[in-house]
Amino acid sequence: MKNFRRFMLLAALGLALCLTGLAGCSQNDNKDGNDNYKIGIMQLMDHDALNLAQQGFIDKLAERGYTNGENITLLIENGQGDINNLSTIADKFVAENVDLAFTIATPSTQAMASKTTTIPIVATAVTSFTGAGLVASDEQPGGNITGTSDLNPITDQMDLLLQLCPEVKTVGFLYTSSEDNSTLQCSIAKEYLESKGIATVERTITNTNDIQQATQAIVEECDAIYIPTDNNFASAIPTVNDVTIAAGIPVICGEELQVKNGGTATVGITYYGLGQTAAEMALDILENGKNPAEMPIQGSPEFAYCINGAACEALGIEIPAELQQYVI
């Protein structure tokens, strides 16, 4: 009987040690001894602004000592502008049990948010986290999502338009109807312009196939065009440029890469900087145990003017002396 009790005691102790070991394993499924975090990166589509946000994120990780394939694993996926692809990618990240998801653009973030309430999500290139239904407030997100907003200084952009083109009477808006971020930016711009007695018109698209037709239609109705940080238009600015230059219509853009690809001018955010700030937030979560619910949404670390000299020359726009330093 004494031997039986001893056997049962040893068996119980062994079971407890085993369970303790298993529990320890489950808390570090995606890490080795060097904190090998697994991060899923989901980008809406391929265009310069979003590419820069991703590069800024990866470069900041490298700056902080994390190299993909060595002491961190990055699962990099591109949805190619297809919502169904984004849903599939989100399912993959959940199945892979990533330590954190970095989502680039509003639809990517919404797709990931629909699949998990436990995996931390750090997003960028989202204009309004609250407007997209992703967080309770910018100050206290309240869930598993935080990140960096690409909301532009829109009233400054409108002032720049009026400074370059003081005779403008009607401004046309081009944007994607399904992109919440684009709708928000245009509503802010419209309200500001109308307060100054400037009329507005708009043409919306559903995908890139509609861009040329929408642009050709709107140049007949306005003196200048505003295009926000719209993902579809960002990928097709040269198409817009072909129409607007021929029609003599300037285009104020949401960010500088649109200007470099043919737009007229902007004062806007830097997507590379947004990606870097997002990486710092991600590392705060992974390394320091910060809770996304308590991490305020961050804005762009800086704004920059950018003026396309060739476009201005073609349009007959005289660039004021104080803006000459921003001409590319």
Side-chain angles (χ1 to χ4, degrees), residues 42-51 53 78-88 104-111 125-128 131-132 150-152 154 157-158 161 168 170-190 193 199-266 268 271 308 311 314-315:
M42 188 196 321
Q43 183 169 315
L44 170 62
M45 65 198 313
D46 184 43
H47 69 64
D48 291 343
L50 303 188
N51 294 345
N78 192 310
Q80 304 300 333
D82 189 315
I83 300 300
N84 293 325
N85 289 344
L86 297 177
S87 180
T88 300
I104 308 173
T106 302
S108 301
T109 310
Q110 290 171 326
V126 175
T127 301
S128 173
D150 65 354
L151 182 61
N152 275 299
I154 296 170
Q157 292 176 343
M158 296 302 99
L161 186 160
V168 163
T170 304
V171 175
F173 298 147
L174 287 172
Y175 64 98
T176 305
S177 58
S178 61
E179 288 199 23
D180 295 335
N181 59 308
S182 299
T183 302
L184 173 64
Q185 291 173 81
C186 287
S187 67
I188 294 171
K190 181 178 181 180
L193 288 172
T200 62
V201 294
E202 65 179 44
R203 286 287 184 278
T204 61
I205 65 164
T206 56
N207 57 57
T208 54
N209 295 329
D210 303 333
I211 287 178
Q212 185 168 10
Q213 182 178 353
T215 307
Q216 288 172 334
I218 206 166
V219 294
E220 302 292 332
E221 303 174 348
C222 63
D223 309 306
I225 290 173
Y226 175 61
I227 299 177
T229 52
D230 184 288
N231 291 295
N232 283 315
F233 276 97
S235 66
I237 285 294
T239 300
V240 174
N241 184 55
D242 289 342
V243 177
T244 55
I245 290 293
I249 303 293
V251 179
I252 299 299
C253 302
E255 50 87 24
E256 67 176 79
L257 288 169
Q258 293 173 320
V259 176
K260 291 177 179 178
N261 286 327
T264 306
T266 192
Y271 276 89
N308 188 320
L315 294 165

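The analysis underlying the following values was restricted to heavy atoms, covering all of them including side chains, and did not include hydrogens, waters or symmetry mates. Remember, predicted model here, so these are calculated numbers, not experimental data. The chain is numbered in sequence order, starting from 1.
The closest donor-acceptor contact from the side chain of Gln185 to the backbone of Thr229 lies under 3.5 Å. A donor-acceptor pair is defined here as one N or O able to donate and one able to accept, closer than 3.5 Å; no such pair exists between the side chain of Ser182 and the backbone of Pro228. One N or O on the side chain of Ser187 and one on the backbone of Leu184 form a donor-acceptor pair closer than 3.5 Å. Under a 3.5 Å cut-off, the side chain of Gln80 and the backbone N or O of Asn85 do not form any donor-acceptor pair. Between the Ser108 side chain and the Leu44 main chain, a donor and an acceptor come within less than 3.5 Å of each other. In this structure a side-chain-to-backbone donor-acceptor pair under 3.5 Å is present from Thr88 to Asn84.
Side-chain contact between Asn261 and Asn241 is absent, with no heavy-atom pair separated by less than 4.5 Å. Two residues are said to be in side-chain contact when any heavy atoms from C-beta on lie closer than 4.5 Å; Thr204 and Glu202 meet this criterion. Counting heavy atoms from C-beta outward, Gln43 and Asn51 have side chains that approach closer than 4.5 Å. In this structure, Thr206 and Ser177 have side chains that are in contact, with non-hydrogen atoms separated by less than 4.5 Å. For the pair Tyr226/Lys190, no side-chain contact is recorded, criterion being any heavy-atom separation below 4.5 Å from C-beta on. Taking the side chain as every heavy atom from C-beta outward, Tyr271 and Asp48 never approach each other to under 4.5 Å.
Here the closest heavy-atom approach between residue Leu86 and residue Ala111 is recorded as CB-CB, 3.8 Å. Taking all atoms of both residues into account, the shortest heavy-atom contact from Gly268 to Gln157 is CA-NE2, 4.2 Å. The two residues Val259 and Cys253 make their nearest non-hydrogen contact at CG2-CB, 4.1 Å. What you find for Ala224 and Val168 is that their closest heavy atoms are CB-CG2, 3.9 Å. Nearest heavy atom pair, residue Pro107 against residue Ile83, reads CB-CD1, 4.0 Å.
Within the structure, the salt bridge (Lys or Arg N to Asp or Glu O under 4.0 Å) test picks out the following pairs touching residues 243-257 (sequence neighbours left out): Glu256-Lys260. Sorted by first and then second residue, the salt bridge (Lys or Arg N to Asp or Glu O under 4.0 Å) pairs involving residues 223-252 (not counting sequence neighbours) form an empty list.
The side chain to side chain contact (heavy atoms under 4.5 Å, CB included) test with Ile227 singles out one residue from Ile252, Thr244, Ile237, and that residue is Ile237. Screening Leu193, Val171, Val251 for a side chain to side chain contact (heavy atoms under 4.5 Å, CB included) involving Leu161 leaves a single residue, Val171.
The distance from the OG atom of Ser235 to the CD1 atom of Ile211 is 5.5 Å, given to the nearest 0.5 Å. Between the CD atom in Gln258 and the OG1 atom in Thr266 there is a gap of 7.5 Å [rounded to 0.5 Å]. Atom-to-atom distance recorded for Ile154:CD1 and Cys186:SG is 8.0 Å, nearest 0.5 angstrom. Residue Asn232 holds its CG atom at 5.0 Å from CE of Met45, rounded to the nearest 0.5 Å. Put simply, CD1 on Ile225 and OG1 on Thr215 are 6.0 Å apart, with the number rounded to the nearest 0.5 Å. Considering CG of Leu174 and SG of Cys222, their distance stands at 7.5 Å, rounded to 0.5 Å.
For the residue pair Asn181/Asp150, the side-chain donor-acceptor check at 3.5 Å is not satisfied.
By the neighbour-count criterion of 12 heavy atoms within 6.0 Å, atom CD of Gln216 is densely surrounded, having more than that number from other residues, nucleotides or ligands.
Residues passing the side chain to side chain contact (heavy atoms under 4.5 Å, CB included) test with Ala132 are Thr106, Gln110, Leu134, Asp180, sequence neighbours excluded.
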Take Thr127 and Asn152 through the test side chain to side chain contact (heavy atoms under 4.5 Å, CB included) and record every step on the way to the result.
CA-CA 8 Å; Thr127 301; Asn152 275 299; over 6 Å; no
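Salt-bridge annotation for Arg203 and Glu221: present, with a side-chain N of the basic residue lying under 4.0 Å from a carboxylate O of the acidic one.
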